[in-house]
Visitor: 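I have a structure I would like to understand better, so I am pasting it below and will then ask my questions one at a time.
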Amino acid sequence: MLKLIDELQVNDVVTLHGAQTQTVVKETVEKATVVIQLSKKAQNGDMEGIPMVLMEAMSRGKIVISTYHSGIPELIKNSENGFLVSEDDPKEAANSIMTLLRLEQSEWNEMSLAARNTIVCDFNLETWNNSLLKKCKG
């Protein structure tokens, strides 16, 4: 990754911080304007579920860009509460970033609110517990 950063001559705008504490991650997400988290299926077929960092970002009203991967499309509805791109498609990711940057402030605010509402309404502990209870009761 460091070699690619050098080749692309983006050292002045790309920083790899490595593993961080939960506190540092929360502070960084709070300061962010956009959170980009691109997942990829491992060679052995392993996939993550829904990355918690996406939920944390959306709960703060951050607009997220992620991938059509595992459970992520259950959380993000493309162009409604964030953006989804195909795995291994950096051009598509770049296009989503450009689309986001071209949004009017009212559209940005609407997507930000939709991101927050997704978490508050659909992905909170009480909603999940009630859903599980309904399934158990038949």
Side-chain angles (χ1 to χ4, degrees):
M1 186 60 71
L2 294 174
K3 183 179 177 185
L4 179 60
I5 291 169
D6 283 338
E7 287 174 10
L8 295 174
Q9 299 178 341
V10 292
N11 300 66
D12 57 331
V13 293
V14 175
T15 304
L16 302 178
H17 294 280
Q20 300 293 316
T21 65
Q22 188 174 7
T23 301
V24 170
V25 172
K26 285 182 180 183
E27 289 171 357
T28 303
V29 168
E30 190 60 40
K31 292 176 189 175
T33 304
V34 176
V35 173
I36 302 170
Q37 193 280 329
L38 305 175
S39 294
K40 180 178 176 179
K41 186 176 182 178
Q43 287 181 345
N44 67 1
D46 254 3
M47 291 191 292
E48 59 197 324
I50 299 174
M52 189 59 70
V53 70
L54 292 175
M55 288 191 214
E56 289 177 3
M58 291 172 71
S59 74
R60 290 175 171 79
K62 306 297 179 176
I63 297 176
V64 298
I65 300 173
S66 194
T67 44
Y68 289 103
H69 172 90
S70 189
I72 296 171
E74 295 173 33
L75 177 67
I76 302 171
K77 304 300 177 219
N78 192 40
S79 299
E80 292 177 26
N81 63 355
F83 292 93
L84 290 170
V85 300
S86 303
E87 290 183 29
D88 290 323
D89 194 337
K91 283 187 179 184
E92 190 178 0
N95 287 338
S96 288
I97 294 168
M98 295 306 298
T99 297
L100 177 58
L101 293 174
R102 290 185 187 111
L103 292 179
E104 298 290 328
Q105 187 63 50
S106 60
E107 296 170 301
W108 188 289
N109 293 344
E110 188 177 311
M111 188 174 283
S112 173
L113 182 60
R116 173 143 174 74
N117 285 342
T118 296
I119 302 303
V120 170
C121 297
D122 301 331
F123 286 86
N124 68 57
L125 188 57
E126 185 176 341
T127 300
W128 282 357
N129 285 341
N130 288 338
S131 175
L132 288 172
L133 285 173
K134 285 179 186 176
K135 287 179 184 178
C136 291
K137 292 179 181 178

Visitor: Is the CE atom of M52 crowded by more than 12 outside heavy atoms at less than 6.0 Å?
Guide: no
Visitor: Would you give the length of the straight line joining atom CG of L100 to atom CD1 of I97, rounded to the nearest 0.5 angstrom?
Guide: 8.0 Å
Visitor: Provide the closest heavy-atom pair for F83 versus N78 in the form atom of the first, atom of the second, distance.
Guide: CA-OD1, 3.3 Å
Visitor: Applying a strict under-4.5 Å side-chain criterion to I, L, V, M, F, W and Y, I'd like to know whether V10 and L38 cluster together.
Guide: no
Visitor: So, taking the atom named CG in D12 and the one named CD1 in I5, what distance separates them when rounded to the nearest 0.5 Å?
Guide: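 Going from the CG atom of D12 to the CD1 atom of I5 covers 11.0 Å.
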Visitor: Do you reckon I65 sits in the same ILVMFWY cluster as V25, going by side-chain contacts under 4.5 Å, direct or chained?
Guide: no
Visitor: Which value, rounded to the nearest 0.5 Å, describes the distance between K62 atom NZ and I36 atom CD1?
Guide: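 With rounding to 0.5 Å, NZ (K62) is 13.5 Å from CD1 (I36).
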Visitor: Counting heavy atoms not belonging to E110, are there more than 12 under 6.0 Å from its CD?
Guide: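 No.
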Visitor: Using a 4.5 Å cut-off on heavy atoms from C-beta on, say whether the side chain of L75 contacts that of M58.
Guide: yes
Visitor: Is a side-chain donor or acceptor of T67 paired with a backbone partner of S39 at a separation under 3.5 angstrom?
Guide: yes
Visitor: What residue pairs, at least two apart or across chains, pass side chain to side chain donor-acceptor pair (under 3.5 Å) with a residue in residues 116-125?
Guide: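 Checked against side chain to side chain donor-acceptor pair (under 3.5 Å) - neighbours excluded - the pairs reaching residues 116-125 are N81-T118, N124-T127.
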Visitor: Within the structure provided, determine whether W108 and T33 are in side-chain contact (heavy-atom separation under 4.5 Å).
Guide: yes
Visitor: Please enumerate all residues that pass salt bridge (charged side-chain N to carboxylate O under 4.0 Å, His left out) together with K40, with sequence neighbours excluded.
Guide: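 Residues passing salt bridge (charged side-chain N to carboxylate O under 4.0 Å, His left out) with K40: D88.
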Visitor: Tell me whether L16 is reachable from V13 by hopping between hydrophobic residues (I, L, V, M, F, W, Y) whose side-chain heavy atoms are closer than 4.5 Å.
Guide: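 Shared cluster, yes.
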Visitor: Would E27 and Q20 count as a side-chain contact (heavy atoms from CB on, under 4.5 Å) here? Give the steps.
Guide: CA-CA 11 Å; E27 289 171 357; Q20 300 293 316; over 6 Å; no
Visitor: Starting at CD1 of I76, measure out to CG of L54 and round the result to the nearest 0.5 Å.
Guide: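 The CD1 atom of I76 sits 5.0 Å away from the CG atom of L54.
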Visitor: Rounded to the nearest 0.5 Å, what's the gap from CD1 on I119 to CD on E56? Could you check?
Guide: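 Going from the CD1 atom of I119 to the CD atom of E56 covers 10.0 Å.
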Visitor: Please give me the minimum heavy-atom distance between A57 and V35, naming the atom from each residue.
Guide: CB-CG2, 3.7 Å
Visitor: In terms of heavy-atom contacts, does CD of E104 have more than 12 from other residues, nucleotides or ligands at under 6.0 Å?
Guide: no
Visitor: Checking S66 against Q37: is there a side-chain donor and acceptor pair closer than 3.5 Å?
Guide: yes
Visitor: How far apart are the closest heavy atoms of P73 and S70, and which atoms are they?
Guide: CD-O, 3.5 Å
Visitor: Could you see if M111 belongs to whatever hydrophobic cluster contains L84? Use Ile, Leu, Val, Met, Phe, Trp, Tyr and a side-chain cutoff under 4.5 Å.
Guide: no
Visitor: Working to the nearest 0.5 Å, report the span between NZ of K91 and OG of S86.
Guide: 14.0 Å
Visitor: Treat each ILVMFWY residue as a node, draw an edge where side-chain heavy atoms are under 4.5 Å apart, and state whether I72 and F123 are in one component.
Guide: yes
